[in-house]
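Since the structure comes first, as structure tokens, the remarks are kept for the end.
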Amino acid sequence: MFDGLKDKLSSFREDAAEEVEEKAAEAESVEAESADAPRAEGAEAEAADRGDAAPAAEPAGSGADAPAVGEDEDATAAEEAAEDDGSAASTFRRAKAFATGKVIIEEEDLEEPLRNLEFALLESDVEVSVAEEIVDAVRERMLGESRAQIETTDELVTEALHDALLDVISVGQFDFEERVAAADKPVTIVFTGVNGVGKTTTIAKLSEWLEARGYSSVLANGDTYRAGANEQIREHAEALDRRLIAHEKGGDPAAVVYDGIEYAEANDVDVVLGDTAGRLHTSNDLMAQLEKIDRVVDPDLTLFVDESVAGQDAVRRAKEFDDAAAIDGVVLTKADADSSGGAAISIAYVTGKPILFLGTGQGYGDLARFDPEALVDELLDEE
Ligand SMILES: Nc1nc2c(ncn2[C@@H]2O[C@H](COP(=O)(O)OP(=O)(O)OP(=O)(O)O)[C@@H](O)[C@H]2O)c(=O)[nH]1
């Protein structure tokens, strides 16, 4: 899932860390050149006291380690470590250069990696305003950086990217299960979205997801427009042993969902899951129908379903559906088949409505609660 995006983020981290490392290495060599002799002599004396002949044999001020020694205990420890592992000590010194403010990251250091990051995000179908937001946030977090506690430059870059991604992905998040638990029963959830994206399958999956958490549900087919819609949802209802409320083709979708609610009330069913049409003669008809369902049924939640693989088209449609009949959240299907992840990154930021679930396969169990923190960790995981 989202492997292409993951690779691109990894390249950015390498590029940016390299730029910053280069800068730190430059600062390190300048510092070594200007190291003052008395302190270096002190270092030699200290090393000699410890019976460590090797550093004393070196001319004063010849190594980058010299000024650091004697500054504090950590620096001495770093020098000792250098005997075993030169690169670890060098990383330590560079981190120390940041921590003490000797190296400050400037705009020009990040210019190229950030330009590449923006291209990479756009290539991954991230919506343009979202890509800009991420790049700006990474720049802001890294510029002028001279914090203590930095262990490696990769950590610095990764943290900046982690925070920037999390900020855009987690817009509007709420706990779906808690919302269902707290609402008066029956809870009515209406699903919108265009044909063929996996809406009906998602309704069946969510019915299973709710069942596993102790909530019964009834399916209501508000897609009275498309021939075959009743048969399609009936197959799922029969496979899951759920009750289906359906009317003849051409019937009033709001009336079907309304009947679903009446059935749920009469039979102590917790949740009504209402399907809707994904296409009518014109998109105006479709939106008018959704508005009517909204008015007549007043659902507790309206979820917009689209496929992750649709990228920016999914983002645009989410916005259109939200404008017509306010949505409360999004389900992105076919995330298992999506390498770029642009819709998953962009939808919440563009619409202000959270992604609540990801469809991760064709089976009824293939529905995963969307967890922004886990997704960002996964995107930045090196394994
Ligand atoms: N790989 C994968 N396939 C999925 C997922 N969700 C749905 N599908 C498949 O997508 C196809 C379309 O799903 P439907 O549920 O029929 O789509 P729909 O939006 O209801 O379509 P209409 O009923 O035509 O409006 C089916 O073959 C599903 O099995 C998913 O998360 N991953």
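Worth knowing before you read on, the calculation uses all heavy atoms, side chains too, and leaves out hydrogens, waters and symmetry mates. One-based numbering, in listed order, for ligands and for the atoms of each.
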task = Could you tell me whether Arg13 and Asp154 have a side-chain N and a carboxylate O separated by less than 4.0 Å?
result = yes

query = In terms of residue, atom name and distance, what is the protein heavy atom nearest to atom 15 (O) of ligand 1?
reply = Thr201 OG1, 2.4 Å

ask   = Touching ligand 1 at all, Gly361? Heavy atoms, strictly under 4.0 Å?
value = yes

key: Heteroatom distance test (Lys205, ligand 1): nitrogen or oxygen, under 3.5 angstrom   = yes

task = Answer yes if the ring centres of Tyr364 and Trp209 are under 6.0 angstrom apart, and no otherwise.
result = no

task = Give me the ring orientation class for Phe304 and Phe321: parallel if the planes are under 30° apart, tilted from 30 to 60°, perpendicular past 60°.
result = tilted

task = Quick one: look up the protein heavy atom nearest atom 23 (O) of ligand 1 and list residue, atom name and how far away it is.
result = Arg226 NH2, 2.6 Å

ask   = So is Asp223 polar-close to ligand 1, meaning N/O to N/O under 3.5 Å?
value = no

request  = Could you check atom 25 (O) of ligand 1 against the protein and tell me its nearest heavy-atom contact, residue, atom and distance included?
outcome  = Asn195 OD1, 3.0 Å

query = atom 8 (N) of ligand 1: which protein heavy atom is closest, and how many Å away?
reply = Lys334 CE, 3.9 Å

message = Between Lys292 and Asp252 (salt bridge meaning N to carboxylate O under 4.0 Å), is one present in this structure?
response = yes

ask   = When only distance counts, is Thr333 in polar contact with ligand 1, meaning an N/O pair under 3.5 Å?
value = no

request  = May I ask which of Ser308, Gly359, Gly196, Ala335 has a heavy atom nearer to atom 22 (P) of ligand 1 than the others do?
outcome  = Gly196

note = The protein heavy atom nearest to atom 18 (P) of ligand 1 is Lys199 N, 3.3 Å

Salt bridge present between Lys199 and Asp275 (N-O < 4.0 angstrom) = yes

ask   = Do Glu211 and Arg242 meet the salt-bridge criterion of a basic N to acidic O distance under 4.0 Å?
value = yes

ask   = Near Thr200, which atoms of ligand 1 are under 4.0 Å from a heavy atom of that residue?
value = 15 (O), 18 (P), 20 (O), 23 (O)

query = Got a salt bridge between Asp270 and Lys185, using NZ or NE/NH1/NH2 to carboxylate O under 4.0 Å?
reply = no

Contact atoms of ligand 1, heavy-atom distance to Gln232 under 4.0 Å = 14 (P), 15 (O), 16 (O), 20 (O), 23 (O)

remark   = Going by the 4.0 angstrom heavy-atom rule, the piece of Thr360 near ligand 1 is backbone

query = With atoms numbered from 1 as shown, which atoms in ligand 1 lie under 4.0 angstrom from a non-hydrogen atom of Asp336?
reply = 1 (N), 2 (C), 30 (C), 31 (O), 32 (N)

message = If hydrophobic residues (ILVMFWY) are linked whenever their side-chain heavy atoms come closer than 4.5 Å, directly or via other members, who joins Phe119 in its cluster?
response = none

request  = State which residues pass side-chain hydrogen bond (donor to acceptor under 3.5 Å, both in side chains) with Glu320; sequence neighbours excluded, sorted by chain then number.
outcome  = Arg316

note = atom 9 (C) of ligand 1: closest protein heavy atom, distance to 0.1 Å, is Gln362 NE2, 3.7 Å

request  = Using a strict 4.0 Å threshold on nitrogen-to-oxygen distance, state whether Asp3 and Lys6 make a salt bridge.
outcome  = no

ask   = Taking N or O atoms only and a 3.5 Å limit, does Thr202 qualify as a polar contact for ligand 1?
value = no

Atoms of ligand 1 close to Gly198 [distance to a heavy atom under 4.0 angstrom, numbered from 1] = 7 (C), 13 (O), 14 (P), 15 (O), 17 (O), 18 (P), 19 (O)

inquiry  = Looking at Asp136 and Arg139, is any side-chain nitrogen of the basic one under 4.0 Å from a carboxylate oxygen of the acidic one?
reply    = yes

